[in-house]
Structures are given as C-alpha cells and as structure tokens.
Amino acid sequence: MTELDLLTLARSTTANEISLFTQVITINFAMVVGLYYFLHRARTAIKIFAFAVYLIGMLLFLGEMLLEASMRARLILSLKALPHPSPVALEYVGLNDTWLSHATSLLFNAAFWVLVIGVGYLTFFWDKDATTE
C-alpha cells in the first residue's frame, strides 16, 4: 500500500468511529424517550428484556468501534514503518502520540460506559412519578 492509501484508510477509520458513536448516542436518546414515556411503568421482566436488547446493541457498536480503533493503530504502525514518510504522514503519526489523542480515546471509552450505566440506572432505579410530584 502507498502512503496515501494508509493515510486515507487511517482517516476513514476515525470517521467510522465517529459515525458509530453518533449511532450509540441516538440509541441512548431513543432508550431514554422509551423509558420516559413507556418503560417506567412496565414490569421488571419487560425492563430486563428491554435493557438486554439495548445492551446487545450497545456491545455490538462497541465491538465495531474497537475493531476500527485496532485497525487505525495498525495503520499508524505501518505509517511509522515507511522508509521515507512525508511531512503529512509524520504529522499524523505524531498527533496520534499526543495528549489530545489519548484524552479523546479516554473520553470515547468513558462516554460509552457512562451512557450504558446511565440508561441502566434509569431503567431499574428511576421513578418518574416520584420526581414529577
């Protein structure tokens, strides 16, 4: 593969991760709306089923995001191994070793689990009727 191919593929993995995460946010908003209007009155068995289906979907998205992150990490290693990388490739590789890249990875991971834990809390412990009185 050429340097341009590696850079293009690395950038597309980032775009894919962002696209997957926006779908994760959409799923969470849908679950919150469902909880607010319907599931807060449901029996425990329905809540468990709804959360299990939600969790399966979330874990599928997490797996896809991890696959993309793994691919990008491998691509960065390939860019580092190029014999005479261009300044653009050097900058891209360098940016991936900065605090900003590490903080973004940490935020992606933390946001995912905060959303899952938040929806879990809302599903099983939130009482809409107690908060609206």
So, the side chain of Ser19 versus the backbone of Asn16: is there a donor-acceptor pair under 3.5 Å, distance only? no
Trace of the side chain to side chain contact (heavy atoms under 4.5 Å, CB included) decision for Leu100 with Leu95: CA-CA 8 Å; Leu100 183 59; Leu95 283 173; over 6 Å; no
Mark yes or no for whether Glu3, through its side chain, and Ser86, through its backbone, hold a donor-acceptor pair below 3.5 Å. yes
Mark yes when over 12 heavy atoms from residues, nucleotides or ligands other than Phe124 sit less than 6.0 Å from its CZ; otherwise mark no. yes
Straight-line distance of Leu20 CG to Ile25 CD1, nearest 0.5 Å: 11.5 Å
Determine whether Val116 and Leu55 make a side-chain contact, defined as any pair of heavy atoms from C-beta on separated by less than 4.5 Å. yes
For the side chain of Thr98 and the backbone of Gly94, is there at least one donor-acceptor N/O pair under 3.5 Å apart? no
In this structure, would Trp113 and Ile18 fall into the same cluster of hydrophobic residues linked by side-chain contacts under 4.5 Å? yes
Identify whether Val53 and Phe29 are in the same connected component of the hydrophobic contact network (ILVMFWY, side-chain heavy atoms under 4.5 Å). no
Ser101 (side chain) donor-acceptor with Asp97 (main chain) under 3.5 angstrom: no
Residues passing the side-chain hydrogen bond (donor to acceptor under 3.5 Å, both in side chains) test with Asn109, sequence neighbours excluded, are none
In sequence, state the C-alpha distance, the side-chain angles, and the governing distance for Val88 and Glu91, and then conclude on side chain to side chain contact (heavy atoms under 4.5 Å, CB included). CA-CA 5 Å; Val88 173; Glu91 185 69 20; 5.7 Å; no
What I'd like to find out is whether the side chain of Val24 reaches to under 4.5 Å of the side chain of Met58, using heavy atoms alone. yes
Heavy-atom side-chain proximity of Phe51 to Leu35 below 4.5 angstrom: no
Mind checking ring-ring contact (aromatic ring centres under 6.0 Å, His included) for Phe112 and listing every partner two or more places apart, or none if nothing turns up? none
Going from CD on Glu68 to CE on Met71, what distance comes out if it is rounded to the nearest 0.5 angstrom? 7.5 Å
Any Arg72 side-chain heavy atom under 4.5 Å of Asn96 side chain: yes
Rounded to the nearest 0.5 Å, how far does CG of Leu66 lie from CD of Glu17? 8.5 Å
If I take atom CG from residue Leu9 and atom CZ from residue Arg11, how far apart are they, to the nearest 0.5 angstrom? 12.0 Å
Is it possible for you to say whether Leu106 and Trp99 belong to one hydrophobic cluster, with membership spreading through side-chain heavy-atom contacts below 4.5 Å? no
Can you hop from Met31 to Phe38 via hydrophobic side chains spaced under 4.5 Å? yes
With rounding to the nearest 0.5 Å, note down the distance linking CD1 in Ile117 to CG in Leu122. 12.0 Å
Considering all heavy atoms, the nearest Phe21-Ala111 contact: CZ-CB, 3.7 Å
Going by heavy atoms in the side chains, are Leu82 and Leu79 under 4.5 Å from each other? yes
Parallel, tilted or perpendicular: which fits the ring planes of Tyr36 and Trp126, with parallel below 30° and perpendicular above 60°? parallel
CG-OH distance between Asn28 and Tyr54, expressed to the nearest 0.5 angstrom: 3.5 Å
